[in-house]
Asker: 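My structure is below; once you've seen it, I'll send some questions.
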Number of protein chains: 2
Amino acid sequence: MQISELAHRAGVPVATVKYYLREGLVPAGELTGATRARYGEEHLERLRLVRALLGPGGLSVARARAVLAAVDTPGTSVHAALGAAHRVLPGVGPEGPADLEQARAVLRLRGWRVADDSPALLALAGALEALRAAGVAPTDELLDRYAEAAGRIGERDVAEVPTGSVAEAVRFVVVNTVLLEPVLLALRRLAQEDASRRRFPGDC
Amino acid sequence: MQISELAHRAGVPVATVKYYLREGLVPAGELTGATRARYGEEHLERLRLVRALLGPGGLSVARARAVLAAVDTPGTSVHAALGAAHRVLPGVGPEGPADLEQARAVLRLRGWRVADDSPALLALAGALEALRAAGVAPTDELLDRYAEAAGRIGERDVAEVPTGSVAEAVRFVVVNTVLLEPVLLALRRLAQEDASRRRFPGDC
DNA sequence: CGACATTGGGTAGTGCCACTCTCTAATGTG
DNA sequence: CACATTAGAGAGTGGCACTACCCAATGTCG
């Protein structure tokens, strides 16, 4: 398969595929001459994954490259890969030392244990800070409800991880972590809409 | 309070405040002369809200303006305001007519009823499509687990809505819909990390 | 009173990002 | 052998969220 066919089958302009090749998001094809390269199904699959990460996944090119690097690194343990994926995902800006207290309290209440420098912990603290700055203060009880729901999901996510090959597991973790987020958010909004319809009838 | 104090107290450069004024994200102050305007606490509060929406909330200026317009429109019913907020939030690109079948199936299973053109429904369909394009196909059973968890949260979100004034309710809905999303995502990742630690011990 | 800083209002520029265009030389293809 | 296509790389584009600059008018402080 040449680049034009690869691009066409993924629904991406050729120029964009070249850009991804340059950026290292998609591995180079097998050179069959100075001006020809051959691409296989694995390139097509990778290209589709890249598009999913960049589009619906909401990642930047730089973050996607880092995530894919974790996918590509063989020998990574699943737990480490999950950590790598989290470290690289959005939501962890170079924010200062936020107030971790309420965030840690949530974990204590749930009995969760995570790394001290867990990116998700910083992300949580940052999100709580933003809420406070916006003049809303979530109660510990509300947070625990959220944590309970998140716990069911996270538990399930990890239980689903295939144990066959590490590479497969890592890919699974990355894809699910990133691409199920929009699903979860959409479902929450649907639940809100349904609940709102029931609580405020006649408003429709 | 003058613009410099307003900007200082919100931790935002003066030039940026001017930009927000021009973009209509923050209402103009009360003119006390040709080159003076007075701002009050409500401007400060609004400015902080804008920063929260644009930063952690992840909204663009255009979307934030639309969200704030819903907040400002008096007489909107709460249910309608929630709909307006959802319509304007990210996740609803100009995607073609995606395959709504699996998305609708989730709702059927849960007994949820939403508008036929619900943005969240389209967002869900789009997210599922992206997953399939990336070569991952979530089972109906997995989706239902997610939906169950989302249901608990959405229910709670709506139950919390203050019934005092409509304006207050709308503000609450918008802020919580947008700003609790990062909280939920962070909690999910923390749950994953905890579960992963328990399932793959020794990997740490 | 007068030097100086600040303001509202507006225009133009900046830096970043994800592409997208263009070009070249080489190479397939009908 | 005319023509299209390719790899590879540099430069350009458009959108976005600021950010810098400018102006005349105005407030303020010695």
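Chain identifiers are assigned alphabetically (A, B, ...) following the order of the sequence lines, protein sequences preceding nucleic acid strands; residue numbering begins at 1 within each chain. Note that these values count all heavy atoms, side chains included, but never hydrogens, waters or copies made by symmetry.
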Asker: What is the distance, to the nearest angstrom, from the CD1 atom on B:I3 to the P atom on D:dG27?
Answerer: 16 Å
Asker: Between D:dT19 atom P and B:L21 atom CG, what is the distance in whole Å?
Answerer: 15 Å
Asker: Does the distance from a Lys or Arg side-chain N to an Asp or Glu carboxylate O, for B:R156 and A:E141, drop under 4.0 Å?
Answerer: yes
Asker: Under 4.0 Å, heavy atoms only, any strand: does A:A37 hit a base, just the sugar-phosphate, or nothing?
Answerer: sugar-phosphate
Asker: Taking only side-chain nitrogens and oxygens of B:T35, does any of them come within less than 4.0 Å of OP1 or OP2 of C:dG9?
Answerer: no
Asker: Please state how far atom CG in A:L53 lies from atom P in C:dC19, giving the value in whole angstrom units.
Answerer: 12 Å
Asker: How would you label the contact of B:Q2 with the nucleic acid (heavy atoms, under 4.0 Å): base, sugar-phosphate, or nothing?
Answerer: sugar-phosphate
Asker: Applying side-chain hydrogen bond (donor to acceptor under 3.5 Å, both in side chains), run through B:N176 and B:E160 and close with a yes or a no.
Answerer: CA-CA 10 Å; B:N176 275 315; B:E160 293 261 305; over 6 Å; no
Asker: Name the residue closer to the 5' end of DNA chain D, choosing between B:L54 and B:A34 according to the nucleotide with the nearest heavy atom.
Answerer: B:L54
Asker: Measure from OH on A:Y20 to P on D:dA9 and round the result to the nearest Å.
Answerer: 19 Å
Asker: Among the candidates C:dG10, C:dT27, D:dA7, find the nucleotide nearest to the side-chain atoms of B:R22.
Answerer: C:dG10
Asker: Nearest whole angstrom, please: distance from the P of D:dG27 to the CD of B:E5.
Answerer: 18 Å
Asker: Both B:V61 and B:R36 contact DNA chain D. Taking the nearest nucleotide for each, which residue is further toward the 5' end?
Answerer: B:V61
Asker: Are B:T16 and D:dA17 close enough that a side-chain N or O sits under 4.0 Å from OP1 or OP2?
Answerer: no
Asker: Can you find a donor-acceptor pair, distance only, under 3.5 Å between A:K18 side chain and D:dA9 base?
Answerer: no
Asker: Less than 4.0 Å between a side-chain N and a carboxylate O, is that true for A:R9 and A:E41?
Answerer: yes
Asker: Answer yes or no: does a side-chain N or O of B:Y19 lie under 4.0 Å from OP1 or OP2 of C:dG8?
Answerer: no
Asker: Can you tell me the distance, in whole Å, between the CZ atom of A:R65 and the P atom of C:dC19?
Answerer: 13 Å
Asker: To the nearest 0.5 Å, how far apart are CD in A:E5 and CG in A:L44?
Answerer: 9.0 Å
Asker: Let me know the distance between CD of A:E23 and C1' of C:dT20, rounded to the nearest Å.
Answerer: 13 Å
Asker: Take the protein atom NE2 of A:H8 and the nucleotide atom C1' of D:dT5, then report the distance between them rounded to whole Å.
Answerer: 16 Å
Asker: Side chain of A:R87, backbone of A:S118: donor and acceptor closer than 3.5 Å?
Answerer: no
